[in-house]
Number of protein chains: 2
Amino acid sequence: MYTMDDNCTVYKTMDFISKKWTLLILLELFKGGKRKKRYSEIKDKMEDITPKILSQRLKELEKEGLITRRVDASQFPVKTEYSLTESGRDFIPIISQMKIWALKWKPHKDLCESVDCKNCDL
Amino acid sequence: MYTMDDNCTVYKTMDFISKKWTLLILLELFKGGKRKKRYSEIKDKMEDITPKILSQRLKELEKEGLITRRVDASQFPVKTEYSLTESGRDFIPIISQMKIWALKWKPHKDLCESVDCKNCDL
DNA sequence: GTTGAGAGTTTCTAAATGTATACTATGGAT
DNA sequence: ATCCATAGTATACATTTAGAAACTCTCAAC
């Protein structure tokens, strides 16, 4: 008998990963390999995200250990750079798995494969 | 440049799968192999779920093709039986992957493995 | 001393989601 | 006639989440 009392590992994972924009941020950081990306760079790539949500998501991801934040205060304006940690990179295959699952079982629907997601690298 | 315009396959998958209780329902159906489970049986296993949410989730999962619903009206009271489809069963490894990921990267936290999730079969 | 870029924060509002509690329909058993 | 189990619905309420728009802070350059 289970109770949804937040002890479930998978649920906890789902919980932060399934928030809006989180995946897209992870993918954006994944594109470009190990290169660090700046706050404004991420923001520019994700047209419609608001600064509030972006900074919230980045904090969550950092707290969960999937990304790192590093402030470069040597120049001005200060740059903040984000990149995937090993754990973050290790999460990417799970996203791939989901895409593979969807392509296998939902081929009748519009899938990003055929729309505009060729740059998502999965 | 991406826009979160719901064309993303992975996002659409996440979207229904990450709703509260959905995973647990899937796991409950997965336990016990191919045996069908009844509405009340599922409900009893998941102590705190309300009937509204359970029936909502079951409908979503059916619509998404991960489970099937079959009404057995031959006896009384009528039985409704749910079971995983092939696509539903095929989703289980993704959940496993998440658990493996979490066990690898978050061993410092309480994980269901060590708490009460031994019956989750992942 | 005003402008400007980068990296956010704040406040307020709206929409989506979930919870609690009570109610319905069916038909057999008592 | 009434009670009971199964399989849900319905209504009202609470919480969570996201979005819009404006504001802040730092320091360097003009």
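Just so we're on the same page: letters track the sequence lines, and every chain starts at 1. All values reported here derive from a predicted model rather than from experimental measurement.
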Does B/S55 place a side-chain N or O at less than 4.0 Å from the phosphate oxygens OP1/OP2 of D/dT9? yes
B/S/- along nucleotides 21-30 of chain C (protein heavy atoms under 4.0 Å) is -----BBS--
B/E47 atom CD is separated from C/dT19 atom C1', nearest whole Å, by 16 Å
Stepwise side-chain contact (heavy atoms from CB on, under 4.5 Å) check, A/L23 with A/I17: CA-CA 7 Å; A/L23 246 59; A/I17 216 67; 3.9 Å; yes
Among B/E28, B/M46, B/R35, which one satisfies side-chain contact (heavy atoms from CB on, under 4.5 Å) with B/E41? B/R35
Identify which nucleotide among C/dG6, C/dT19, D/dA18 has an atom closest to any side-chain atom of A/Q56, counting heavy atoms from C-beta outward. D/dA18
Should B/Y82 be listed as having a side-chain N or O under 4.0 Å from OP1 or OP2 of D/dT6? no
Could you state the interatomic distance from NZ (A/K45) to CG (A/L29), rounded to the nearest 0.5 Å? 12.5 Å
Among B/T68, B/I42, B/I25, whose side-chain contact (heavy atoms from CB on, under 4.5 Å) with B/Y82 holds? B/I42
Distance check needed: C/dA5 P versus A/K43 NZ, whole Å only. 14 Å
Distance, rounded to the nearest Å, where B/R57 contributes CZ and D/dT9 contributes P: 13 Å
Among A/I95, A/I94, A/L27, side-chain contact (heavy atoms from CB on, under 4.5 Å) partner for B/V10: A/I95
Between D/dG19 and A/W21, is there an OP1 or OP2 to side-chain N/O distance shorter than 4.0 Å? yes
Quick one: which of D/dA7, C/dT9, D/dA18 gets closest to the side chain of B/Y39? D/dA7
Whether A/W101 and B/F16 hold their rings parallel, tilted or perpendicular, with breakpoints at 30° and 60°: tilted
How many whole angstroms separate atom CG of B/L58 from atom C1' of D/dT6? 14 Å
Atom pair distance, as rounded to whole Å: CD1 in B/I49 and P in C/dT19: 8 Å
Any donor-acceptor pair under 3.5 Å linking the side chain of A/Y11 with the backbone of B/W21? yes
Grab the CG-C1' distance between A/L54 and C/dA7 for me, whole Å please. 10 Å
NA contact type, A/K79, heavy-atom cut-off 4.0 Å: base, sugar-phosphate, or nothing? sugar-phosphate
In whole angstrom, give the distance that lies between atom CD1 of A/I53 and atom C1' of C/dC12. 14 Å
Ranking D/dA18, C/dG18, C/dG6 by distance to the side chain of A/R38, first place goes to C/dG6
D/dA18 C1' sits how many Å from A/I25 CD1, rounded? 13 Å
